[in-house]
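Right, one structure below, let's go through it.
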Amino acid sequence: MKKLVIAIDGPAGAGKSTVAQIVARKMGYVYIDTGAMYRAVTWLALRQNLTVKDAAAIGDLAAGAVIELTYAAGKLVVLANGEDVTGPIRTPEVTGWVAEISQILPVREAMLVLQRNMAARGGVVMDGRDIASRVLPDADVKVFLTASIEERARRRWKEMLDKGYTVDLEELKREIADRDRKDYEREYAPLIQTEDAVLVDTTAMSIEAAVDEILKICEEKSGGI
Ligand code: DC
């Protein structure tokens with residue numbers, strides 16, 4: 001059976017990583033979280049006290065960085081230049097800067113090369129913002145996963161709470177709206193739903209239902225998996 005390449009794009013908090021991970025597990029595929037890669041570059045830049053004004057230096061940093069996505073006990077582990085940054089890349093500080101850092105063209109070009117290499121052998125589920133439109137335009141399955149901004153903010157709020165952060169829901173909604181704006185309106189590789197992508201709106205949908213819908217699309221594509 002042909003190993004599919006599955007692209008899942010969508011805005012922050014739509015449930016992409018949760019859904020993509022389960023789809024990958026059920027199909028025996030590799031899950032590639034491209035947001036984590038941009039977060040790792042952001043973390044490296046912040047640690048060197050670089051700001052968006054230092055775009056050229058951040059571009060060099062990204063081009064020379066070794067970003068690895070590995071698994072330990074079934075959980076995604078992100079390494080940046082050999083250092084485990086799985087926890088640090090989810091802090092509010094990194095989340096606050098990542099949409100800006102990911103607008104830097106040399107950063108995007110460096111990640112594009114890494115991501116295409118990771119997907120080269122097929123059997124991957126890759127999630128992000130520009131996967132169907134730019135990274136893997138020939139993907140076998142393209143899904144645009146979204147949800148209302150209220151629902152996405154509520155999910156992030158709960159996620160943060162579970163991690164021990166106290167955040168204001170309205171504040172979070174503003175932050176997500178701001179990140180949406182940056183992701184949708186940026187000059188290079190903005191977030192878009194490509195014409196050949198299937199829209200999956202998870203506002204009133206459980207994780208299981210979203211997974212089932214994507215598996216159904218994959219099944220139709222491969223003629224039974
Ligand atoms: O999916 P996430 O919230 O972890 O992504 C963090 C940021 O990374 C997001 O705001 C924009 C950027 N990103 C991107 O520009 N392109 C991708 N393919 C994935 C993420």
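One-based numbering, in listed order, for ligands and for the atoms of each. As the structure is a prediction and not an experimental result, all values here were calculated from the model.
Put simply, the side chain of Asp140 gets close to the backbone of Val5: a donor and an acceptor are under 3.5 Å apart. Proximity of a side-chain donor or acceptor of Thr70 to a complementary backbone N or O of Val77 within less than 3.5 Å is detected.
Note that the CZ atom of Arg154 and the CD1 atom of Ile149 stand 14.0 Å from one another [nearest 0.5 Å]. In this structure, the separation between CD1 on Ile67 and CD on Gln115 is 10.0 Å, given to the nearest 0.5 Å.
Protein heavy atom nearest atom 10 (O) of ligand 1, with residue, atom name and distance: Arg179 NH1, 2.8 Å. Protein heavy atom at the shortest distance from atom 20 (C) of ligand 1 is Gly35 CA, 3.5 Å. Nearest protein heavy-atom contact of atom 11 (C) of ligand 1 is Asp183 OD1, 3.3 Å. The protein heavy-atom contact nearest to atom 18 (N) of ligand 1 is Asp130 OD1, 2.8 Å. In terms of protein heavy-atom proximity, atom 4 (O) of ligand 1 is closest to Arg39 NE, 2.7 Å. Taking atom 1 (O) of ligand 1 as the reference point, the nearest protein heavy-atom neighbour is Arg129 NH1, 3.0 Å.
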### Ile101/Val41 under side chain to side chain contact (heavy atoms under 4.5 Å, CB included): CA gap, chis, key distance, verdict
CA-CA 8 Å; Ile101 302 288; Val41 172; 4.2 Å; yes
### Query
So Met27 and Leu215, side chain to side chain contact (heavy atoms under 4.5 Å, CB included) or not? Walk me through it.
CA-CA 8 Å; Met27 296 183 75; Leu215 288 175; 3.8 Å; yes
### Test log, rule side chain to side chain contact (heavy atoms under 4.5 Å, CB included), inputs Lys75 and Tyr71
CA-CA 5 Å; Lys75 286 215 182 314; Tyr71 281 86; 5.7 Å; no
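With a 4.0 Å heavy-atom cut-off, ligand 1 is reached by no atom of Met111. The residue Arg134 has no part lying near ligand 1, judged by heavy-atom distances below 4.0 Å. Contacts with ligand 1 closer than 4.0 Å are made by side-chain heavy atoms of Arg108 only, the backbone lying farther away.
Screening Arg129, Arg90, Lys16 for a salt bridge (charged side-chain N to carboxylate O under 4.0 Å, His left out) with Asp33, the sole residue that qualifies is Arg90.
Nearest-residue assignment for atom 13 (N) of ligand 1 (options Tyr188, Tyr38, Trp97; heavy-atom criterion): Tyr38. Considering only non-hydrogen atoms, atom 7 (C) of ligand 1 lies nearest to Val98 out of Asp127, Val98, Val107. Nearest-heavy-atom check against atom 19 (C) of ligand 1 across Asp33, Thr34, Ile89 picks out Thr34.
Of all atoms in ligand 1, listed by their number and element, those nearer than 4.0 Å to a heavy atom of Arg186 are 14 (C), 15 (O), 16 (N). Atoms of ligand 1 found under 4.0 Å from any heavy atom of Ser102 (numbered from 1 in listed order, with element): 11 (C), 12 (C), 15 (O).
Ion pair Glu213/Lys216 not flagged as a salt bridge, since none of the NZ, NE, NH1 or NH2 atoms sits closer than 4.0 Å to an Asp/Glu carboxylate oxygen.
Counted by atom type alone, Thr202 and Arg155 present one or more donor-acceptor pairs between their side chains at under 3.5 Å.
Distances from ligand 1 to the non-hydrogen atoms of Gln103 include no value under 4.0 Å.
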